[in-house]
Every structure is written in C-alpha cells, then in structure tokens.
Amino acid sequence: MISIALDGPAGAGKSTVAKGVAKELDFIYVDTGALYRTVGLYFLRKGIGTELNCDIEENLKNIDVDLKFVNKEQHVFLNGEDVSGEIRTPEASMMASAVSAKPPVRAFLLEMQRKLARENNVLMDGRDIGTVVLPNATLKFFVTASAEERANRRYKELTEKGMKVEYKEVYDDIVTRDYNDSHREIAPLKPAEDSIIFDTTGLKLDESIEKLTNMIKEKVEL
Ligand code: DC
C-alpha cells in the first residue's frame, strides 16, 4: 500500500488540494482533523469548555468515532450519527484544537488512522501524520501558506457557506490555532525531517493540485 502524509497548519489549502490529488491518483483521502473535530464535538455538546475540566479518559469510553467513505468521500460518525457538517463550525474548530492537545485523545485515534493506511492507498491529511502516525509513509509533504492567505481562504470558505464571520476573527483563530498546534507537548505541528515543503501561497487551487500530483508521480511508482 502507498501512503502519502500531508501535514501542515490550518487553512493551508491542504484538504482541498489533497482531495483533488487523491482523485487524480485514485487514492482514498483521509481527513484526520475530522476525527479530532468529532471528539471535540462530543465535549462541546456536553457543555464542557475548551479548558476541558473533566475526566477525559472516562468520557472517551462513551465516544465511538467512525469513518465511512461514501463515493470515496469521507463521512464521520459520532456514536452512529453523521456529524460531517456539524464539526465545521468555529466552535468545533476551537474544541478540536483543545482536545487534540490531550494525550489520551491522540492515543484513542491513533490505531484507527494506521489501520486505514494499512488497508488502502491513502493521502492522509493532518498535523502529525509524517512524524507520528505514519513515520514510514511512502512520501511526506508539509503544506503551508502565509497566515494572511490562509485566513483569506478560510474566510471565503465560511462566508460562501453562509456563515456570518468577521475576517479579523478568522485570522485570529488561525494564529491562535497555529500557536496551540505547534507549541503543545505532544505531537506538535512540525515538518518531519524527511518531508518536502510545499508552499501554496500565490498558487491557485488547480495549480497546487497539478504540482503536487506531478511531484508524487515523479517520486512514487503507482
Ligand atoms: O485540520 P483541521 O482544522 O480540521 O484540524 C482540527 C484540529 O485538530 C486542529 O486544531 C489540529 C488538530 N489536529 C491534530 O492535532 N492532528 C491531526 N492529525 C489533525 C488535526
């Protein structure tokens, strides 16, 4: 099986690019952020704040996260309920960042991610795929873009979905999440030593897809 790790900060265009590339290569696209969001949503629904003043391990016993692919598109389920839409709100984003800093949560989701890569050709999108989840991935990329460009893209994406958000709020969210994700003790966001840096600043979506697909085709025997 071929596994391609795609790590990088929020809003670098990773997921949209990865979806396009996965289609070109006929791989499964796995969005691991959705798993953290699903766990986060559980705590959010329970009314627990981002400081997570609760027994996390006890709560995890009541959480069942499942991933299913419908027409190759990923859907996430929280205790049997499809929450693929609900996990995308700004509140769920913040909660995902909070739960993702907790070791029991990372351990809880680890095997599930590895199993997907054992059984499928995957393009796996996350923060620690190349460093922790799949240290032996066939290829590793670190996808990035400037914070301003990432905030612009996220703002556009959210407003197009009809959400009412302020640009400043989106930008501050990105900076805060970058800080949290790269300064946490466990599995911080950082490029794996053997990863290729792919900067999408100034590239249009189709240009990024084409460039990444070609880089993969050059390096991997498909
Ligand atoms: O990629 P995203 O915005 O959907 O990710 C949501 C949060 O989950 C983000 O704050 C970082 C965290 N995350 C993580 O810690 N490890 C991953 N492999 C994927 C996401």
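As the structure lists them, so they are numbered: ligands from 1, and atoms in each ligand from 1. The figures that follow rest on heavy atoms only: side chains count, while hydrogens, waters and symmetry mates do not. Quick caveat, the model's predicted, so the values are computed rather than measured.
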Quick check on side chain to side chain contact (heavy atoms under 4.5 Å, CB included): which of Leu44, Thr38, Leu35 does Ile87 satisfy it with? Thr38
Which of Leu134, Val30, Asn136 passes side chain to side chain contact (heavy atoms under 4.5 Å, CB included) with Ser3? It is Leu134
What are the atoms of ligand 1, with element, lying closer than 4.0 Å to any heavy atom of [X]?
{"X": "Asp128", "value": "16 (N), 17 (C), 18 (N)"}
{"X": "Ser97", "value": "10 (O)"}
{"X": "Ala96", "value": "6 (C), 7 (C)"}
{"X": "Gly33", "value": "4 (O), 5 (O), 19 (C), 20 (C)"}

Shortest protein heavy-atom distance from [atom], along with the residue and atom involved:
{"atom": "atom 4 (O) of ligand 1", "answer": "Arg37 NE, 2.6 Å"}
{"atom": "atom 11 (C) of ligand 1", "answer": "Asp181 OD2, 3.4 Å"}
{"atom": "atom 8 (O) of ligand 1", "answer": "Tyr36 CB, 3.6 Å"}
{"atom": "atom 15 (O) of ligand 1", "answer": "Arg106 NH1, 2.8 Å"}

Treating Ile, Leu, Val, Met, Phe, Trp and Tyr as nodes and any side-chain heavy-atom pair under 4.5 angstrom as an edge, say whether Leu203 and Phe141 lie in one connected cluster. yes
Within one Ile-Leu-Val-Met-Phe-Trp-Tyr cluster: Leu110 and Ile186, side-chain cutoff 4.5 Å: no
Please check if any side-chain donor atom of Arg106 sits under 3.5 Å from a side-chain acceptor atom of Tyr36, or the reverse. yes
What I want to check is whether the side chains of Thr89 and Arg37 have a donor and an acceptor closer together than 3.5 Å. no
Tell me the nearest of [options] to [atom], using heavy-atom distances.
{"atom": "atom 6 (C) of ligand 1", "options": "Met94, Arg177, Arg154", "answer": "Arg177"}
{"atom": "atom 5 (O) of ligand 1", "options": "Arg127, Arg184, Met124", "answer": "Arg127"}
{"atom": "atom 19 (C) of ligand 1", "options": "Thr32, Val132, Val99", "answer": "Thr32"}

For a quick test of reading the model, state the closest non-hydrogen atom pair linking Leu123 to Ala18 and the distance between them. CD2-O, 3.1 Å
Nearest-0.5 Å distance that lies between atom NZ in Lys23 and atom OG1 in Thr213: 12.0 Å
